Every structure is written in structure tokens, then in C-alpha cells.
Amino acid sequence: MKLAVFVHEYREPEVLDRLKAEKLGIILVQNGVYHATVKKDGQPSPILSRNAEFYALSEDLATRGFSDDKVDPKVKVLNYDGLVDLIFNDYEKILWL
Amino acid sequence: MKLAVFVHEYREPEVLDRLKAEKLGIILVQNGVYHATVKKDGQPSPILSRNAEFYALSEDLATRGFSDDKVDPKVKVLNYDGLVDLIFNDYEKILWL
Amino acid sequence: MGKLTIGCFSSLVGSLTLDFAVKLAEAAIKKGHEVDFWLSGNATMLAKKNQSKFRDYSHLAETIKELLGTGRFQITMCEACGKARGIQEEDVMEGFQIYSMDWYLASIYNADRLVHIGGE
Amino acid sequence: MGKLTIGCFSSLVGSLTLDFAVKLAEAAIKKGHEVDFWLSGNATMLAKKNQSKFRDYSHLAETIKELLGTGRFQITMCEACGKARGIQEEDVMEGFQIYSMDWYLASIYNADRLVHIGGE
Amino acid sequence: MIKRYAFVVNKLPYKAETTRLALTHAIASQTAEIHLEDGQGVEPVIAFIGEGVLNCLKNQKALDIYGVTSQEMHLKNALLLDLKVLVCKEDLERFGLSQDDIVMDAEELGAEVTTQVVPFDDIMKEIETADQVLYF
Amino acid sequence: MIKRYAFVVNKLPYKAETTRLALTHAIASQTAEIHLEDGQGVEPVIAFIGEGVLNCLKNQKALDIYGVTSQEMHLKNALLLDLKVLVCKEDLERFGLSQDDIVMDAEELGAEVTTQVVPFDDIMKEIETADQVLYF
């Protein structure tokens with residue numbers, strides 16, 4: 001299963017420990033984009049150490065004051081347009097966690 | 001300052017570590033009542049080890065399926081009626097965390 | 001007897017937060033206190049008239065009506081928050097007041113206790 | 001080209017979740033896809049007509065109108081969720097459909113992709 | 001063709017109405033056919049995981065107190081309609097709960113199916129094989 | 001008599017509108033007098049703590065993208081109206097942020113006061129001494 005999950009909060013959903021997928025995408029939107037941009041106590045968000053593809057929504061980054069160069073290099077930045085393609089082409093199932 | 005805080009979620013508000021009060025009351029309402037009733041991995045909620053007075057709203061306990069005897073002995077059970085008295089008589093400031 | 005001001009902000013109708021706030025108001029009124037109730041953000045939905053009563057959804061209109069009948073209860077909707085949601089003057093239940101945010105700040109001025117539910 | 005169904009549940013108007021869902025729909029429509037949009041819980045507020053446009057509140061009515069104009073966009077409000085909030089038939093913006101929850105389940109049946117926003 | 005939808009409930013009850021809507025939508029699968037073509041249908045499976053298992057506790061007094069149908073009542077309704085209801089075993093154990101604490105049947109209403117307490121792996125399989133997944 | 005209200009913002013912006021309403025309500029203190037008696041007035045202090053400090057970042061494009069006023073704009077408005085704005089020093093540091101990253105002034109609008117970065121203890125003192133506390 002190619003599974004993409006939306007993370008919309010600046011808190012790691014516990015269920016991520018348990019979801020199994022052949023390909024897992026983590027899409028950071030809304031307050032989820034802080035995972036890609038903010039270090040807490042000097043540490044990047046633990047979510048970024050997971051075995052997954054990471055994406056962050058550029059519109060939600062910009063809304064909160066982050067330019068793309070503030071984004072962790074593990075994370076691919078895409079806009080709504082790119083998000084539609086990602087959903088249709090790269091993943092089969094999508095969960096909003 | 002006599003400070004009462006409402007905890008309405010089954011998650012400990014970080015700010016509790018920092019609030020200083022001569023008298024601190026923690027009022028468990030809504031999903032906050034799980035702190036008073038549920039053990040996770042065999043452990044009572046860490047919130048109950050704080051130095052504070054604890055209260056839980058009986059109506060919210062009953063709504064979720066808990067009778068009063070399921071409540072941790074540290075926690076005083078009160079109803080809406082008792083809550084009004086508590087607010088007016090025992091505390092000066094009230095925060096909904 | 002004292003005055004309690006309750007502010008409900010960005011609350012979910014459909015959550016039990018508005019229910020909590022209304023039940024708290026009810027208990028305070030029964031004890032002889034006076035209650036001011038401020039609706040901001042999504043809590044303004046409480047002001048919408050013609051809410052159907054179904055068992056799967058909470059329904060507070062009748063309780064509010066009773067509380068208004070005591071003469072010791074005022075309920076006010078934030079004008080901008082309501083209008084932004086399409087809750088215009090003609091959409092509002094009888095007995096609700098409509099004011100700007102400063103009404104809430106003024107109500108707090110002489111409130112003995114404030115329960116401010118600033119979001120969830 | 002495919003069909004995307006978006007379900008928005010118990011979403012906050014006033015949060016940017018409905019805005020997210022509408023922008024996603026807009027981007028999909030621009031690419032030639034077809035979009036079904038289901039409003040349940042508090043998201044039904046999006047259906048309320050006469051929402052005033054203020055800069056301090058998000059305003060989606062005009063975008064929805066444009067999307068409806070493409071003929072590849074359907075938007076449906078959960079009947080019970082709306083009525084419980086006082087959003088009766090006469091309160092609903094033009095172009096919105098009103099159905100029971102089974103409409104959503106049927107829409108999903110042949111959707112190529114589902115973005116179900118089940119709460120926050 | 002019958003398509004299978006997995007309704008996965010991970011959130012706590014009552015604070016928001018989202019877990020209630022999970023059950024009412026799952027139950028609405030019974031009438032989805034009116035919008036579908038002949039031979040098409042929908043079969044739901046409801047799975048409670050994480051804190052979501054606390055939706056299944058017995059003796060919920062939501063109707064008496066707040067005037068809203070309890071999750072317990074919705075759950076019994078689902079069983080009455082022969083819906084498949086799964087509860088995660090590991091999560092029940094994590095909260096120190098047993099089958100005695102949760103709604104396992106709706107015999108008093110005449111329901112024939114019962115709640116099934118299963119390992120998370122079984123629920124993961126449902127998520128993988130379902131035609132659509134609705135996560136609450 | 002002027003009463004002091006502490007508006008304490010602990011939540012992240014945009015997800016819900018609660019932190020926006022904190023600022024618009026604080027600003028509304030300017031007109032509270034119309035509902036009060038002669039000599040009565042309200043003086044707000046706005047304090048950002050915890051994740052709430054992320055409301056204060058510069059370059060927020062909320063208006064361009066989502067058509068809603070940014071928290072940055074509300075903050076500048078507050079400074080323009082001489083409101084006291086405090087940001088918790090420890091929390092800024094915790095997120096690796098400095099004064100360069102946040103809205104410290106609204107000089108371009110003609111504001112004379114600036115944001116003050118202060119230790120949490122100072123904010124706690126405001127909470128203790130304020131006549132009313134509004135926690136968002």
C-alpha cells in the first residue's frame with residue numbers, strides 16, 4: 001500500500017509508530033509545517049527521523065512566516081498544485097491524522 | 001494568588017510546569033476526566049503527582065461511562081452546582097488551559 | 001451573590017464545550033448569581049435561530065430561553081464573528097444581544113469571576 | 001483525469017481547515033479533475049448564505065461559486081448536521097446540495113482519491 | 001460490487017463530535033445504495049484504536065446529562081445492523097480495560113453480531129485491503 | 001479606575017482563530033469605555049508564551065494566500081495603539097529564535113512602543129497582578 005498521511009499539528013501523532021506501508025509519505029500542512037522548520041531545544045522534530053518521504057505545503061509555510069530556505073533538507077516543498085499531483089500519482093490512500 | 005485551571009484534554013498542558021500560585025486547583029472536565037480514571041500502561045496520569053488540589057466534574061465522568069468509584073482518591077468529585085461554589089468561594093482566578 | 005462572566009471563544013458547536021458553558025451558567029443562575037455570556041468565534045453559532053432538535057446533536061436553545069427569563073442572564077454575540085459566518089441580525093434568536101468585542105471587556109470589568117474559554 | 005472526493009468533518013470555520021479543503025478542490029479542478037465536496041459537522045457552516053467578507057475572517061463563498069461554475073464540482077451539506085445548527089434549506093447558499101450522510105458514502109464509491117478530514 | 005470502507009476511530013468521544021459522526025456515517029452505509037447503481041453497495045468495518053477505544057466503554061450517560069445520544073448507543077445500533085466492529089486488543093490492554101468494560105453486544109436489542117477484540121495487525125490489514133479508509 | 005487585563009497567548013496561530021481573537025479583543029479594549037461609566041477603563045497587556053511565541057514571526061503571508069489578516073499585522077496594530085506586548089524570552093530561545101525573527105516594532109506605521117522580550121517570571125507577575133486574565 002502506498003500511504004500518504006497529513007500531519008496538521010505540531011505534535012507527533014502516536015499512530016505513526018504503527019502504520020505499515022510499502023511507501024509512506026508524510027505531508028506537513030497547517031501547523032504541521034513547524035516540524036519542517038522549527039528546532040525545539042536545538043533539535044529538529046523527531047518526526048523527521050522516520051522512514052518516510054516528507055513534503056510540506058509552501059502556502060502554509062509562507063502564511064506562518066517561513067521562506068522555503070528555512071525548511072529541513074529532508075522535506076520537499078510543494079504547493080497546492082503539486083499536492084494534487086502527489087495525491088493522484090504517488091499515493092493510493094490518504095489519511096488526515 | 002488562588003488559581004484554578006481547567007484541564008479539558010487527556011493530555012497534560014505544558015504550562016502547568018510554570019504556573020505559580022499560592023493555591024493551585026486543577027479541575028478536570030470534558031476529556032480531562034480521563035486523568036482521574038484511566039491508567040495508561042498501569043500508571044496513573046502524571047498530572048496527579050502535581051502539588052495541587054484536584055477536582056473532577058461528575059457529569060463529565062458519567063457521560064464517559066465512569067462511576068465515582070473509578071476516580072483516583074486524590075480527586076474530589078463535584079457537580080456543576082459544586083463547581084459554581086468552588087469558583088466563587090475557593091479561587092480568585094480561573095484559566096481554561 | 002456575585003457576577004460571573006463566561007466567554008466562549010472559537011468553541012465547537014458539536015463539541016460539548018458550549019454545553020459545558022451553558023450548564024455552568026445555569027447552575028450559577030440557580031444559585032442566585034448573575035451571568036453575562038459572551039459568544040465569539042464559532043461559539044456565535046449558538047445564536048442562530050431555528051436549530052432543529054435531534055438526539056444526535058446537542059440542543060441548547062430551550063435552556064437559553066429559560067435563563068433569559070430569569071432576568072439575571074445576558075447573552076451577547078460578537079457582531080463581526082457572527083456576520084462572517086452569515087449570522088446576520090435577522091438570523092439571531094430572540095433575546096440575544098449583538099455587540100462588538102468591547103462589550104465583553106466591559107462585562108469583565110465588574111465581574112466577580114471570569115471563566116474565559118479561549119479555544120480548545 | 002480523476003475524481004477526488006473531499007469530506008470535511010467537524011471542521012472549524014475560523015480555522016484554516018475549510019480553506020485548505022477548498023484550495024485543494026480548486027487546484028484539482030484547475031487540473032481538470034472532478035471534485036465532490038462533503039460538509040459534515042461544523043463544516044456545514046460553509047453552506048450558510050450571506051457570509052460577510054471581512055479581512056479578519058476567511059471568506060470562501062466566492063471561490064465556491066466559481067468552482068460550481070465549472071460544472072465539475074459538487075458540494076453537499078449533511079442535512080441533519082446543518083439543521084441541528086439552524087441551517088435550514090432557506091439558509092443555504094445557492095448551488096449547495098443537501099443530502100443525508102449516505103450521499104458521501106456513495107460519492108466515495110467511485111472516487112479515485114479520497115481526502116477525508118475527519119476532525120482536528 | 002460491494003466495496004469495503006474502513007472507519008478507523010482514533011479520537012476520544014464527546015469533546016468534538018467527530019467520533020459520533022464516524023458511527024453515524026458508518027451506519028448510513030445501509031442506505032448508500034439509493035445513490036448507487038444496481039449491484040453496487042457499501043460494507044463498513046468500524047475499528048477503534050488508540051485512545052479511540054475509550055468510545056466503547058459501557059454505562060455512558062450522555063443522553064441523561066447532555067441530551068445527546070451516547071457512543072454506547074450508536075455502537076449498539078451498529079451491532080444491531082450487523083456491522084463489523086473491531087477494537088484493538090493492545091490498546092484496550094494499555095488502558096487496563098477488558099471485554100467486561102466495553103460494549104461487546106447488543107443482545108437486549110436483538111443484535112446477533114458482537115464486538116471483536118483483535119490485535120492491531122488485523123486492523124492494519126483492514127486498512128490495507130479496504131477500498132476506502134475514513135480516519136476519525 | 002483603570003483595570004488591567006492580561007491576554008496570555010499560548011496557542012499556535014492559524015489552525016484555529018483563537019490567537020487572532022486574542023489580539024482583536026485586546027485591541028477592542030480601546031473602545032470598552034463606551035460600555036463603562038466615567039472614569040472606568042481597561043488597559044490590556046498581551047503576553048506570548050510557549051508555542052504562542054510563534055505568532056510573532058515576521059513575514060507572515062496569510063493575507064496574500066488565505067485572504068485573512070496575519071497575526072503580524074494584528075501585532076503591529078497593537079503596537080501602534082501603544083499596547084504592551086510581551087514575548088517570553090525562554091520560549092523564544094527554546095525555539096532557537098531571536099529578536100530579529102519576530103515583530104519587534106511597527107515603526108513604518110508610526111508606532112512608538114516596541115515588543116518587549118522578557119523572562120517568564122515577568123509574565124507570571126502580570127498574570128498575578130492583572131485584574132482579569134484571558135488565556136488563549
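Below, chains carry the letters A, B, ... as their sequence lines are ordered, and counting in each starts from 1. Atom set for the values below is all heavy atoms of this structure, side chains included, hydrogens, waters and symmetry mates excluded. Model, not experiment: these values are computed from the prediction.
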Evaluate whether atom NZ of C:Lys65 has more than 12 neighbouring non-hydrogen atoms of other residues, nucleotides or ligands under 6.0 angstrom away.
-> no
Would you indicate whether D:Lys30, at its atom NZ, is surrounded by more than 12 heavy atoms from other residues, nucleotides or ligands within a distance under 6.0 Å?
-> no
What part of C:Asp91 lies closer than 4.5 angstrom to a heavy atom of chain D: side chain, backbone, both or neither?
-> side chain
Any side-chain heavy atom of D:Lys83 sitting closer than 4.5 Å to one from C:Tyr57?
-> no
Residue of the set C:Lys48, C:Gln88, C:Arg85 for which side-chain contact (heavy atoms from CB on, under 4.5 Å) holds with D:Lys48 | C:Lys48
More than 12 non-hydrogen atoms from neighbouring residues, nucleotides or ligands closer than 6.0 Å to CD on C:Glu90, yes or no?
-> yes
Answer with side chain, backbone, both or neither: which region of C:Ala61 has an atom nearer than 4.5 Å to a non-hydrogen atom of chain D?
-> neither
